[in-house]
Amino acid sequence: MNKANKLEGGKVWLVGAGPGDPDLLTVKAARLIAQADALVYDHLVGEGIIQLARPDARQIYAGKEASKHTLPQDSINQLLVDLAREGLSVVRLKGGDPFIFGRGGEELETLAASGIPFEVVPGVTAAAGCAAYSGFPLTHRDHAQALTFVTGHLKDGTVNLDWPSLARPNQTVVFYMGIGAAEEICRQMIKHGLPSMTPAAVVRNGTLASQQTLLATLGTLPNRVVESGIKPPALIIVGSVVGLHKQLNWFEKT
Ligand code: SAH
């Protein structure tokens, strides 16, 4: 990146904003946000991060809460092209990492097809943020030798995933966008061979002061989700590593 104060115009930076805590922005992300002419951001990008923008920067909320899409994806793609064609330096801010369930690839495809130059800045994905601030590692030599990120988002009412591979032992499986499908997820993991006693957790608002961790098992998690009324944004993490939260929690007041 150009370190001068002015960013090159007519260009888009696809930037990961991390999971919530503004301190988890990369130095590069913070610098770009502070310099951009225009900022196009999603629902999961925290207030504290938007405040880093120049007061005169154009700030456009592109939305995307589960089921409440503010701007359709095609319009967002086009908006980025239009802003860049105006000669602006555009920061497209995404929660977490832009290439992990962030549709960052789709947006870049449109930019590439339109001949707009771009750069990508990675961010701390929700799984890494939640694990760190909830106090459990995602891998651990005694617990998990593999780690899988999956989307639990239901397109047509079914979760069409490779359950036999997700239900293998000695791994950690992190479901993004899975709260609405918690019951189906747990049922399928048990059906495909994991013991119902397998530790499972929900982490909501990871890395923010409002972070909440629910510890359960595959058998009890669906009821815990209903009873607690826990809402997105939250991850479901399945695997014995989550049991370490009790010992390693440093952030949440219990
Ligand atoms: N690109 C993002 C993921 C976008 S999908 C990333 O890399 O993190 C949106 C889903 O991410 C939410 O439904 C939720 O499952 C998860 N998520 C994002 N931020 C979160 C947070 N602070 N705490 C818990 N889950 C979060």
Side-chain angles (χ1 to χ4, degrees), residues 13-26 29 40-50 61-71 73 76 91-108 120-136 138 147-155 159 161 166 172-186 200-216 221 224-225 228-239 241-242 245 249 251-252:
W13 284 260
L14 177 64
V15 177
D21 179 352
D23 276 2
L24 293 176
L25 280 174
T26 60
V40 180
Y41 61 98
D42 280 349
H43 154 65
L44 284 174
V45 176
E47 248 315 287
I49 292 170
I50 308 299
Y61 174 64
K64 282 235 210 76
E65 272 170 82
S67 73
K68 229 195 308 175
H69 283 212
T70 311
L71 274 184
Q73 188 64 48
I76 298 173
V91 164
R92 171 65 173 124
L93 255 189
K94 299 264 184 187
D97 181 273
F99 277 178
I100 298 181
F101 305 125
R103 300 204 183 182
E106 296 169 40
E107 296 181 8
L108 292 191
V120 185
V121 181
V124 174
T125 192
C130 288
Y133 280 55
S134 186
F136 54 82
L138 290 169
L147 169 63
T148 307
F149 293 167
V150 226
T151 168
H153 184 63
L154 306 166
K155 250 205 160 149
V159 194
L161 295 171
L166 295 178
T172 305
V173 183
V174 181
F175 291 90
Y176 285 69
M177 298 170 277
I179 286 300
E183 190 175 351
E184 170 82 349
I185 287 169
C186 294
V202 175
V203 183
R204 172 169 201 262
N205 278 348
T207 78
L208 295 169
S210 53
Q211 175 179 302
Q212 196 185 350
T213 300
L214 273 187
L215 270 192
L221 188 129
R224 295 290 310 280
V225 166
S228 63
I230 203 160
K231 295 273 179 302
L235 296 176
I236 298 176
I237 300 115
V238 179
V241 287
V242 302
H245 164 79
N249 171 36
F251 178 69
E252 263 175 70

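When a residue number appears, it is its place in the shown sequence, counting from 1. In each ligand, atom 1 is the first atom listed, and ligand 1 is the first ligand listed.
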Of all residues at least two apart in sequence or in a different chain, which pass the side chain to side chain contact (heavy atoms under 4.5 Å, CB included) check with Pro122?
Asp97

Taking every heavy atom of Leu215 against every heavy atom of Val242, the minimum-distance pair comes out as CD2-O, 3.6 Å

Enumerate the protein residues lying less than 4.0 Å from ligand 1, judged by heavy-atom distances, in chain and residue-number order.
Pro19, Leu44, Gly95, Gly96, Asp97, Ile100, Phe101, Thr125, Ala126, Cys130, Tyr176, Met177, Val203, Asn205, Gly206, Pro233, Ala234, Leu235

Given 3.5 Å as the limit, does a donor-acceptor pair link the side chain of Glu107 with the main chain of Ile76, or not?
no

Test side chain to side chain contact (heavy atoms under 4.5 Å, CB included) on Ile237 and Val173 and set out the steps.
CA-CA 6 Å; Ile237 300 115; Val173 183; over 6 Å; no

So, using ring pair (Phe, Tyr, Trp, His ring centres under 6.0 Å) as the criterion, who are the partners of Phe101 when residues are at least two apart?
Tyr176

By ring pair (Phe, Tyr, Trp, His ring centres under 6.0 Å), which residues pair with Phe175, not counting sequence neighbours?
none

